[in-house]
Amino acid sequence: MSNKIISYTEMCQREGRSMQRGMTFNINGNHSVFLMSVRPGAPYDDELQDDGSTLIYEGHDQPRRIHGPDPKSIDQPERTESGRMTQNGMFHKAAQDFKAGRRLPERVRVYEKLRRGIWSYNGVFHLVDSWRQRSGKRRVFKFKVIAVRGDEDDSRPPRRDLPRRRTIPSSVKREVWERDRGACVICGARDELHFDHDLPYSKGGASLTAKNVQLMCARHNLKKSDRIE
């Protein structure tokens with residue numbers, strides 16, 4: 001399902017809840033979710049590295065309060081005023097416990113916002129590290145997750161040391177979406193769309209530029225896969 005294009009409503013239906021919160025820890029006991037964006041003006045500083053196989057995801061701010069301070073002016077919280085862990089705190093603890101060998105990596109589904117109402121499912125990542133760093137006059141959380149292959153079945157515990165998986169860079173996705181006008185290049189369909197590699201990775205295809213990436217509906221993507229030997 002990686003590289004599938006979905007609407008916000010479809011994403012909420014898949015996760016079984018409203019996804020207004022950008023990071024959600026431990027959904028149904030088998031995975032977590034990050035909503036990311038690297039578009040200009042995005043509220044957080046997310047960054048894809050290593051040809052898209054590594055995501056450095058920024059933690060989230062304290063909710064804005066009436067007559068309260070600007071959330072961007074204060075440290076991102078690990079706990080609430082009552083002492084309960086925030087989403088930052090829960091992800092941070094999971095990452096540190098993994099590094100210490102106390103648990104398996106947290107499985108994280110990553111969805112990337114392409115434009116208003118349009119999202120790309122970037123697949124499953126594993127949470128492997130976390131830290132705090134200075135950002136201007138405050139401290140923010142950073143979470144390192146790596147894209148893995150072979151962990152989509154979330155009915156089983158996540159496995160350690162799975163092979164890494166590359167993802168299509170955000171800039172390429174946006175360019176392809178605009179070039180192909182949000183429709184399958186073969187039939188013009190606007191539903192069940194995927195970002196497809198014209199020449200697959202296994203045949204030496206790349207995804208660093210838009211030349212080898214196109215929009216294709218699931219029906220024609222399946223037909224194409226059947227023809228590849």
Is there a donor-acceptor contact under 3.5 Å linking the side chains of [X] and [Y]?
| X | Y | answer |
| --- | --- | --- |
| Lys4 | Asn221 | no |
| His60 | Asn88 | no |
| Glu175 | Trp177 | no |
| Ser53 | Asp51 | no |
| Ser82 | Thr80 | yes |
| Ser130 | Gln96 | yes |

So, taking the atom named [atom1] in [X] and the one named [atom2] in [Y], what distance separates them when rounded to the nearest 0.5 Å?
| X | Y | atom1 | atom2 | result |
| --- | --- | --- | --- | --- |
| Gln214 | Cys184 | CD | SG | 8.0 Å |
| Ile186 | Leu215 | CD1 | CG | 11.5 Å |
| Glu112 | Ser170 | CD | OG | 3.0 Å |
| Asp151 | Arg149 | CG | CZ | 12.5 Å |
| Ser32 | Met90 | OG | CE | 8.5 Å |
| Leu104 | Asp97 | CG | CG | 11.5 Å |

For the backbone of [Y] and the side chain of [X], can you confirm whether one donor and one acceptor N or O come within less than 3.5 Å of each other?
| X | Y | value |
| --- | --- | --- |
| Asp75 | Arg139 | yes |
| Ser120 | Ile5 | no |
| Arg190 | Arg181 | yes |
| Arg107 | Asn30 | yes |
| Thr167 | Gly52 | yes |
| Ser7 | Gly117 | no |
| Asn3 | His194 | no |
| Asp45 | Glu58 | no |
| Arg165 | Val124 | yes |

Please answer: with hydrophobic residues joined when any side-chain heavy atoms are less than 4.5 Å apart, are [X] and [Y] in the same cluster?
| X | Y | answer |
| --- | --- | --- |
| Leu35 | Ile27 | yes |
| Val33 | Ile6 | yes |
| Met23 | Val110 | yes |
| Val128 | Leu55 | no |
| Val108 | Val38 | yes |

Margin query: As a quick check of understanding, evaluate side-chain contact (heavy atoms from CB on, under 4.5 Å) for Glu106 and Phe125, giving each step before the final call.
Written below: CA-CA 8 Å; Glu106 180 67 16; Phe125 290 63; over 6 Å; no
Checklist line | Sequence neighbours excluded, every pair satisfying salt bridge (charged side-chain N to carboxylate O under 4.0 Å, His left out) that has a member inside residues 15-42 | finding: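 Qualifying pairs: Glu15-Arg109.
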Might you confirm whether atom [atom1] of [X] has over 12 heavy atoms from other residues, nucleotides or ligands at distances under 6.0 Å?
| X | atom1 | value |
| --- | --- | --- |
| Arg138 | CZ | yes |
| Gln133 | CD | yes |
| Arg134 | CZ | yes |

Notebook entry, point to check: Could Asp129 and Lys144 be called an ion pair, given the rule that one side-chain N must be under 4.0 Å from one carboxylate O?
Noted result: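 No.
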Minimum heavy-atom separation for [X] and [Y], please, with both atom names.
| X | Y | result |
| --- | --- | --- |
| Phe143 | His92 | CE2-N, 3.5 Å |
| Pro77 | Asp61 | CD-C, 4.2 Å |
| Val145 | Leu127 | CG1-CA, 3.6 Å |
| Ala183 | Gly188 | CB-O, 3.6 Å |
| Arg160 | Arg103 | NH2-O, 2.9 Å |
| Arg164 | Ile146 | NH2-CG2, 3.4 Å |

Margin query: Does the Lys NZ or Arg CZ of Lys113 fall within the cation-pi geometry relative to Tyr121 - under 6.0 Å from the ring centre and within 45° of the axis?
Written below: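 Judged by the rule (NZ or CZ under 6.0 Å from the ring centre, within 45° of its axis), Lys113 is not positioned above Tyr121.
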Check: Got a sec, which residues hit salt bridge (Lys or Arg N to Asp or Glu O under 4.0 Å) with Asp70, two or more places apart in sequence or on another chain?
Finding: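 Asp70 satisfies salt bridge (Lys or Arg N to Asp or Glu O under 4.0 Å) with Arg64 once adjacent residues are dropped.
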Note to self: Taking salt bridge (Lys or Arg N to Asp or Glu O under 4.0 Å) as the definition, give me every residue that meets it alongside Arg115, ordered by chain and number, with sequence neighbours left out.
What the structure shows: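 Listed in chain order: Glu178.
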Check: So Ser73 and Lys137, side-chain contact (heavy atoms from CB on, under 4.5 Å) or not? Walk me through it.
Finding: CA-CA 7 Å; Ser73 69; Lys137 295 182 179 180; over 6 Å; no
Next item on the list: With side-chain contact (heavy atoms from CB on, under 4.5 Å) as the test, would you mind laying out the steps for Thr86 and Gln76 before giving the verdict?
Entry: CA-CA 10 Å; Thr86 63; Gln76 290 182 341; over 6 Å; no
If you define the side chain from C-beta out and look only at heavy atoms, does anything of [X] sit under 4.5 Å from [Y]?
| X | Y | value |
| --- | --- | --- |
| Trp119 | Tyr8 | yes |
| His126 | Leu162 | yes |
| Cys217 | Cys187 | yes |

Next item on the list: Output, in order, the C-alpha distance, side-chain angles, deciding distance and verdict of side-chain contact (heavy atoms from CB on, under 4.5 Å) for Leu48 and Met36.
Entry: CA-CA 10 Å; Leu48 284 166; Met36 64 162 290; 4.1 Å; yes
Check: So, for Tyr57 and Phe141, is the gap between ring centers shorter than 6.0 Å?
Finding: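 When the ring centroids of Tyr57 and Phe141 are compared, they turn out to be at least 6.0 Å apart.
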Item checked: Given Gln87, His31, Met85, Lys93, the one that forms side-chain contact (heavy atoms from CB on, under 4.5 Å) with Phe25 ->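 With Phe25 as partner, side-chain contact (heavy atoms from CB on, under 4.5 Å) holds for just one option, Gln87.
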